[in-house]
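Please find one structure pasted underneath; my questions will follow.
Just so we're clear, the structure is a prediction, and the values are computed from it rather than from any experiment.
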Amino acid sequence: MDVMGDKATLFETGRFVQPSGRDGAGEATDDAAEEVRQRLAAEAGDVEAMSVLGALLLRRGDLDGAEPHLRAATAAGDRAAANNLGVLLHQRGYADDAAGWWRIAAVAGSAAAAHALGRHHRERGDEPAAEYWLRQSAEQGHALGAYALADLLEHRGDAGAEQWMRIAAERGHREAAYRLARTLDRRLVPEGDVGEDHGAGAEAELWYRQAAARGHRRAALHLGAILERRGALKEAGRWYLTSAKDGEARAACALGFLLRDAGDTESAAVWWLRAAQDGDGNAANALGALHAERGEPQTAERWYRAAMDAGDDNGAYNLGLLCAEQGRTAQAEQWYRRAAYAGHREAANALAILLLQGGDTAGAEPWFSKAAEAGSVDAAFNLGILFAGRGEDAVALRWYERAAAAGHTEAALQVGIARLREGDEAGAERHLRCAAGGGSAEAAYRLATVLDARRPPVPAHSLGEPVHEEKSECEEWYERAATQGHRRAQVRVGMLAAARGDVVEAARWYREAAEAGSRNGAFNLGLLLAREGSEPEAAVWWARAADAGHGRAALRLALVYARRGELAEGQRWADRAVALGPEEVSERAARLRDALREELSA
């Protein structure tokens, strides 16, 4: 209830002294002087003075001193005094008596009394009477009346609630401004995506600003979230800070993440600690992760448990992760199960992986399914792997497609490969592009091979005479895969560079592939070096390729040693080439081996 009752009327008539910018001592002196003046006037029979004096004493908490003055003013017909007398009686626990005086004041035109009377009826469950008096108050321009009416109508699901909430907000009611903003947000944004801008988001932001500027801490939190999503991090940080200082734990947590992302981990930890101590599970999890990164598992575990105690299922999931990293499989399974049973989808996926690693395929599958049905993209992909391992390719493909549709890179790759097997080149290309765009080197390479197969033949150029041509799309994908360390792509980029006559570029890619273990890279590098007159170095790379199972490299080595006159070594490599193949290489190597054998036995 309004302690001062009809303040608006008092201000308008000049019967209530407004605060000045002077210090506390000066204001106290003014209040005392004002009280003396009003008391003298009241004793002289001034009704206005009686009302104002009663209001001053009521505000101070002197109910006994205020009551006789308010009763005297009320008896003389002062509606503000009647309203304040109702407030006084309500504070003393005489609700019905208070309602009687509020009714008198409300009938006399007091909007504040009508508001108080409406709230009185609502507390007693008489909603029709409550609506009547709250509407009387609201229609007279009383902000609290408009807000209370909006709250009542919203409780009923009445469409008129938003109109009165807006009126209350426009009249400066901060809670109304906040609730109006939330209504606009919820209309356009799914629950949980706080602050997304979808059309009317600008209006929601405006009301959040108004409420936050009036000290509404949750409005400041939501405003900070909107600004953070937009990238206005400094302003977002200021609002988070304002909200956090007012005691909003979620804002302190959000401020911590903002500071962490800016590289200030120490300050982030301070705000997370503050939020966690106020019961924010997300902040407790963040502190746990921070200590885990610092190699302090015991402290991390303590904070994860605090998060769990705060009702955050991520606490149990993170405890599972921590135990799994430490090799405490039984404890990890226990925590994963606890989080999974609470509906944590990634915990269900982690539990399934743990069971699968332990050989319990039958136990893993239902958890993968539960996690996937709950929206875990990783679980859908893992189900694809599980069914593919059983040879159930059609079922596996369905799960891969589901994961790929949700943006899973490796799942998109698997769908692309399946489409290639089926001969659906267009479908394969679409999925391979998605996977390659998501960073899959294998997808980039396979996409390049699809595009490469469509290219018309390119005329060869002499080595050492590079021709500068615009690179095709397939070359760009080969290069993207090559730069990510894909060995076959590196070899192919080297081959394309060699075809352009760019020996240096070709050698660079062949060498990179060869050093990463590619036998084709080593063989091609040997060919390039041999053509450039560096046969001894070429032989080194051919030997590496042959040792890795490259038959042509073994045949080249046999020829090199035969030319040098090292017939026994040549025969050894020819034998190796015969064994490695392919068929045409084996045939040539066999003829060379027989010739070397005859020469050795001659």
Side-chain angles (χ1 to χ4, degrees), residues 404 407-421 425 428-532 534 537-538 540-553 556:
H408 196 287
T409 298
E410 291 304 312
L413 169 62
Q414 293 303 320
V415 176
I417 292 171
R419 293 284 180 262
L420 282 175
R421 283 198 302 264
E425 191 174 292
E429 181 182 342
R430 185 173 67 254
H431 282 96
L432 290 173
R433 283 187 184 278
C434 289
S440 169
E442 180 66 23
Y445 172 73
R446 287 178 180 267
L447 174 61
T449 60
V450 170
L451 299 173
D452 202 1
R454 299 175 189 164
R455 290 201 312 163
V458 180
H461 301 282
S462 301
L463 287 175
E465 298 179 7
V467 176
H468 299 288
E469 299 175 349
E470 187 175 340
K471 289 180 181 176
S472 64
E473 187 186 4
C474 80
E475 287 181 83
E476 290 175 354
W477 284 113
Y478 277 135
E479 286 195 9
R480 181 180 293 196
T483 55
Q484 291 176 261
H486 194 285
R487 294 182 299 181
R488 283 178 294 167
Q490 291 168 342
V491 173
R492 186 63 183 141
V493 172
M495 291 172 67
L496 291 169
R500 291 195 304 270
D502 191 343
V503 178
V504 175
E505 183 73 358
R508 180 173 77 85
W509 285 111
Y510 287 150
R511 189 179 298 276
E512 195 163 329
E515 288 175 348
S518 169
R519 62 188 185 184
N520 286 329
F523 175 69
N524 288 357
L525 179 57
L527 289 177
L528 206 63
L529 292 167
R531 287 171 188 164
E532 293 295 301
S534 302
E537 188 181 353
V540 172
W541 288 106
W542 283 333
R544 182 180 289 194
D547 287 338
H550 199 289
R552 286 188 172 82
R556 287 276 178 174

**Asked** Salt bridge or not for E515 and R544, using N-O below 4.0 Å?
**Response** no

**Item:** R446 with E442: basic N within carboxylate O range, under 4.0 Å
**Value:** yes

**A412 to A435 - nearest heavy-atom pair and separation** =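 A412 and A435 have their closest heavy atoms at CB-CB, 3.8 Å.
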
**Prompt:** Is it true that E537 and R511 make a salt bridge, defined as a side-chain N closer than 4.0 Å to a carboxylate O?
**Reply:**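 Result for this pair is yes, salt bridge flagged.
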
**Asked** Could you give the distance from CD (E512) to OG (S518), rounded to the nearest 0.5 Å?
**Response**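 E512 atom CD to S518 atom OG measures 11.0 Å (nearest 0.5 Å).
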
**Asked** Do the side chains of M495 and Y478 get nearer than 4.5 Å, heavy atoms only?
**Response**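 Contact flag for Y478/M495 side chains = no.
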
**Asked** What are the two closest non-hydrogen atoms of A513 and G521, and how far apart are they?
**Response** CB-CA, 4.3 Å

**Atom pair CG/CD of L420 and E429 - distance to nearest 0.5 Å** =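 Spacing of CG (L420) from CD (E429) equals 10.0 Å.
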
**Item:** Side chain to side chain, L432 and V415, heavy atoms closer than 4.5 Å
**Value:** no

**Message:** In the structure I gave you, are the side-chain heavy atoms of R556 and L527 within less than 4.5 Å of one another anywhere?
**Reply:** yes

**Message:** Check whether Q490 reaches the backbone of A482 with its side chain - one donor and one acceptor, N or O, closer than 3.5 Å.
**Reply:** yes

**Asked** Is the shortest distance from a Lys or Arg side-chain nitrogen in E473 or R455 to a carboxylate oxygen in the other one below 4.0 Å?
**Response**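 Here E473 does not pair with R455 in a salt bridge, since their nearest N and O are not under 4.0 Å apart.
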
**Asked** Between the side chain of E475 and the main-chain N/O of S472, is any donor-acceptor distance below 3.5 Å?
**Response**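 Here the side-chain-to-backbone pair exists.
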
**Request:** Could you give me the CA-CA distance, side-chain angles and deciding distance for L496 and D502, then say whether side-chain contact (heavy atoms from CB on, under 4.5 Å) is met?
**Result:** CA-CA 9 Å; L496 291 169; D502 191 343; over 6 Å; no

**Item:** Nearest heavy-atom neighbours spanning A448 and W477
**Value:**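 In terms of heavy atoms, the two residues are closest at CB-CB, 3.8 Å.
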
**Prompt:** So does E425 pair up with R430, basic N to acidic O under 4.0 Å?
**Reply:** no

**Request:** Just say parallel, tilted or perpendicular for the rings of F523 and H550, cut-offs at 30° and 60°.
**Result:**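 Parallel: the ring planes of F523 and H550 meet at under 30°.
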
**Request:** Examine distances only and state if a side-chain atom of R519 and a backbone atom of A548 form a donor-acceptor pair shorter than 3.5 Å.
**Result:**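 Flag set: sc R519 to bb A548 pair under 3.5 Å.
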
**Item:** Heavy-atom closest pair, residues A545 and A553
**Value:** CB-CB, 3.6 Å

**Atom of G437, atom of R480 and distance for their closest heavy-atom approach** =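 G437 and R480 have their closest heavy atoms at CA-NH1, 4.2 Å.
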
**Item:** Validation row: V491, Y510 side chains within 4.5 angstrom (heavy atoms)
**Value:** yes

**Message:** Assess the residue pair E410 and S440 against the criterion (side-chain contact (heavy atoms from CB on, under 4.5 Å)); give the C-alpha distance rounded to whole Å, side-chain angles, the decisive distance to 0.1 Å, and a yes or no.
**Reply:** CA-CA 7 Å; E410 291 304 312; S440 169; 3.8 Å; yes

**Item:** T483 side chain vs E479 backbone, donor-acceptor pair below 3.5 Å
**Value:** yes

**With R492, the side-chain contact (heavy atoms from CB on, under 4.5 Å) member among T449, D452, N520** = D452

**Item:** Residues L529, E532; criterion side-chain contact (heavy atoms from CB on, under 4.5 Å); working and verdict
**Value:** CA-CA 5 Å; L529 292 167; E532 293 295 301; 5.7 Å; no

**Message:** With heavy-atom distances below 4.5 Å as the criterion, would you say the side chains of V503 and R531 are in contact?
**Reply:**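 A side-chain contact is absent here, since even the closest heavy-atom pair is not under 4.5 Å.
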
**Asked** Less than 4.5 Å apart, any side-chain heavy atom of R419 and any of R421?
**Response**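 A side-chain contact under 4.5 Å is absent here.
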
**Request:** For residues L528 and N524, determine if any side-chain heavy atom of one lies less than 4.5 Å from a side-chain heavy atom of the other.
**Result:**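 The answer is no; the side chains never approach within 4.5 Å.
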
**Asked** Considering all heavy atoms of both residues, which atom of A538 and which atom of A530 are nearest to each other, and what is their separation?
**Response**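 That would be CB-N, 3.8 Å.
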
